[in-house]
Amino acid sequence: MIKNIDKDDFKYLKILIPMSIIAFFSTLWIRPADLMEARNFITAREMVESQNYIIPTLNGALRFEKPPLPTWITAFIMNLTNNQTNEYILRIPSALVGVILVLLIYLFVKTLTKNSFKSFITAFIGCTTFMIIKLSGENSWDIYSYVFTFGAVTFFIRGLNNGKYLNFIVSAVLLSASILSKGPVPIYGLFIPFIIAHIVIYGAKDYKRNASKIILMLFISIVLAGIWPLLMYIKYPDIFINVLLKEKDTWTTKHTEPWFYYLDYFVYMGVWIFFSIFSLFKIYKLNLENREKNYSKFIFWWNIIIIISLSLVNMKKKRYGIPIYITSILEIGVICNYLYNKSWENLKRSEKYLIYFQNYFLIIISLAIPIVLLFKGYSKNIISLNYMLFLIAIFFSFDLIFFFTLLKKRNIIKYTILGSGILMLLINLTVNCYFDKQYINTIFDEPITKNYPNIEIVRENPPTYNIYSQDYEIEDVWRVGKKIHQYNSTINLPKKIVFWDSVPEKVLEEYKILKQEKYVKDDKKIVEINYLEKLEV
């Protein structure tokens, strides 16, 4: 993937790949599927069951609201593993896409800066950023679309640099994959701001030189991305157009937020919060060489244009801000590379404040976690004494390292930068991986729910008869393991049926309840599953 790869690249990639796997795979099993994941899983399951991979359905209804590529990938995993229920396994694709993002960040920085260490430290920040870890553990559409777009950007830059057709073709395929994952949204939110910022800083000379190749790239992207929607339009023209119109209205009427909605992205950077704030305001003032100066300006303006572009759209959600996190990671990489090999004495006052704030922040985190473990974990029997003591010892060791680093000032910058990422991985691998899952499990120990099993049991072995319901959520279709039919009094019911939750009075006049089971859903609500048989006339 990287031309003229050297021993430094091998060394850094051997570190980054295991780190990324730890970051993105360690929490896949913790939380139940949310609405977006449930939609993806159900649609993939119905593809596998019907063997119809072209026309997506959701609980039996046509599903054109989202392009199908992430669902195709999920369906592939279902076929490959012969599994349609295990959420951990079904999240593996999104975790792998997270790993790919880290590698793409390395390649992107190396292409523009020719600096292996800068590529490493930036990718290191990427795999230890809270929001990237979170989204890579959720198999929904967003992580695919933006990673594919960033991949298209990366190979597009390589094509501009070396003029090779292969890079433009790879960029075209990735761009079409992005469109088939979430339509034009990532193009607007990531690719177009990149083009504007890149031309502003580097000029249009490379674009003119590669004009024919860029046209070819756009042509391939449009053709590949347009095949599926064209087929759906031909087969279901009215339904497809209505869905597009509904989606257009959704972007102007739902989840509307003020223009400054994304400005809290600093918080979602996790342990890099102070670096992200510092980089946004100080990156332009760094004393860098020409190549480094142009790169830092380009990343700065790319980030600013993304923030402005996303703020102009009425509909806003945290996961739509992924482009901001990607460019912020690149900005922080500039700052960390700049600071890493400087001595404490040569730092400016603002740079020293940054290191101080970060160290105190890390010390507070390392102290707070044992307190949380003690009062929220051990005291409530969520975590064992031995495991709690083991974790406390680890985090106390981190406290000592950061504390003595502050006192001695020896290698304080290196310890601070590397320690930030390692601490984030440690929190993710130990506390989140164990504590969060155990905390979720205690939900089912509450008095109101302790006598009922988790609904996951039903998904593993769903009822054989048709399931009906008057009132259900789409997540329930995933929880129960098969399609739920909407009940109304005019439909003819078969001899044996299953009812999700309450049974209508009209049905009880004609059916007898053979068995009634109660389960606890992910939201702590109790649901009934009723097995019915028609009365003999």
Side-chain angles (χ1 to χ4, degrees), residues 1-6 9 13 100-123 125-126 145-179 186-221 283 288-306 309 322-334 337:
M1 188 165 80
I2 301 176
K3 185 179 178 182
N4 299 326
I5 188 169
D6 56 32
D9 293 321
L13 291 175
I100 291 171
L101 174 61
V102 172
L103 298 180
L104 285 171
I105 289 173
Y106 188 97
L107 179 59
F108 176 89
V109 179
K110 183 68 184 288
T111 299
L112 281 175
T113 68
K114 314 301 180 187
N115 186 325
S116 294
F117 178 76
K118 188 171 187 175
S119 305
F120 164 74
I121 203 66
T122 308
I125 294 162
S145 60
Y146 289 109
V147 172
F148 290 149
T149 305
F150 185 71
V153 167
T154 301
F155 282 93
F156 181 73
I157 284 181
R158 289 172 65 79
L160 290 179
N161 287 353
N162 60 29
K164 290 188 175 181
Y165 274 100
L166 180 60
N167 285 311
F168 288 102
I169 291 172
V170 173
S171 180
V173 172
L174 289 171
L175 205 58
S176 62
S178 172
I179 295 171
I187 308 301
Y188 170 80
L190 186 61
F191 196 85
I192 292 176
F194 152 75
I195 295 292
I196 297 171
H198 193 259
I199 291 176
V200 167
I201 300 301
Y202 292 102
K205 180 178 67 175
D206 290 337
Y207 291 81
K208 295 176 182 177
R209 180 166 54 89
N210 294 285
S212 61
K213 297 165 189 173
I214 295 173
I215 293 171
L216 175 65
M217 181 195 83
L218 294 175
F219 176 77
I220 294 173
S221 301
I283 192 171
L288 301 171
E289 297 178 358
N290 286 338
R291 179 198 289 269
E292 296 291 321
K293 192 74 173 177
N294 285 337
Y295 173 77
S296 63
K297 287 181 178 179
F298 158 58
I299 298 302
F300 171 81
W301 282 113
W302 190 10
N303 193 24
I304 293 299
I305 295 169
I306 286 173
S309 300
I322 295 177
I324 302 174
Y325 300 104
I326 292 175
T327 49
S328 294
I329 288 166
L330 299 176
E331 280 189 335
I332 296 170
V334 172
N337 180 71

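Source: prediction; values computed, not measured. Any value given below was found using the heavy atoms of this structure, including those in side chains, with hydrogens, waters and symmetry copies removed.
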Is there a side-chain contact between [X] and [Y], using heavy atoms and a 4.5 Å cut-off?
X      : Y      : result
Ile187 : Ile179 : yes
Lys213 : Met217 : no
Leu13  : Tyr106 : yes

Mutual orientation of the aromatic rings belonging to [X] and [Y] [parallel < 30°, tilted 30-60°, perpendicular > 60°]:
X      : Y      : value
Phe156 : Tyr207 : tilted
Phe150 : Phe108 : tilted
Trp302 : Phe298 : parallel

Please report the shortest heavy-atom distance between [X] and [Y], naming the atom on each side.
X      : Y      : answer
Asn303 : Ser328 : ND2-OG, 3.7 Å
Lys114 : Thr111 : NZ-O, 3.2 Å
Val334 : Ser296 : CG1-CB, 3.9 Å
Gly163 : Asn210 : CA-OD1, 3.5 Å
Pro193 : Ile306 : CB-CG1, 3.6 Å
Ile329 : Ile105 : CG2-CD1, 4.2 Å

Can any side-chain N or O of [X] pair as donor or acceptor with the backbone N or O of [Y] at less than 3.5 Å?
X      : Y      : answer
Ser176 : Ser221 : no
Ser178 : Leu174 : no
Arg209 : Leu160 : yes
Ser119 : Asn115 : yes

Can you measure from [atom1] ([X]) to [atom2] ([Y]) and round to the nearest 0.5 angstrom?
X      : Y      : atom1 : atom2 : value
Ile214 : Ile195 : CD1   : CD1   : 7.0 Å
Ile169 : Leu216 : CD1   : CG    : 6.0 Å
Tyr146 : Ile324 : OH    : CD1   : 9.5 Å
Ile299 : Ile326 : CD1   : CD1   : 11.0 Å
Lys110 : Thr154 : NZ    : OG1   : 14.0 Å
Glu331 : Ile125 : CD    : CD1   : 11.0 Å

Tested for side-chain contact (heavy atoms from CB on, under 4.5 Å) against Val109, the lone hit among Tyr295, Phe117, Phe120 is Tyr295
* Check the pair Thr122, Asn337 against side-chain contact (heavy atoms from CB on, under 4.5 Å), reporting the backbone distance first and the verdict last. => CA-CA 8 Å; Thr122 308; Asn337 180 71; over 6 Å; no
For the pair Leu107 and Phe155, evaluate side-chain contact (heavy atoms from CB on, under 4.5 Å) and give the outcome as yes or no after the intermediate values. CA-CA 9 Å; Leu107 179 59; Phe155 282 93; 4.0 Å; yes
Point to revise | side-chain contact (heavy atoms from CB on, under 4.5 Å) between Lys297 and Ile283, worked out | key: CA-CA 8 Å; Lys297 287 181 178 179; Ile283 192 171; over 6 Å; no
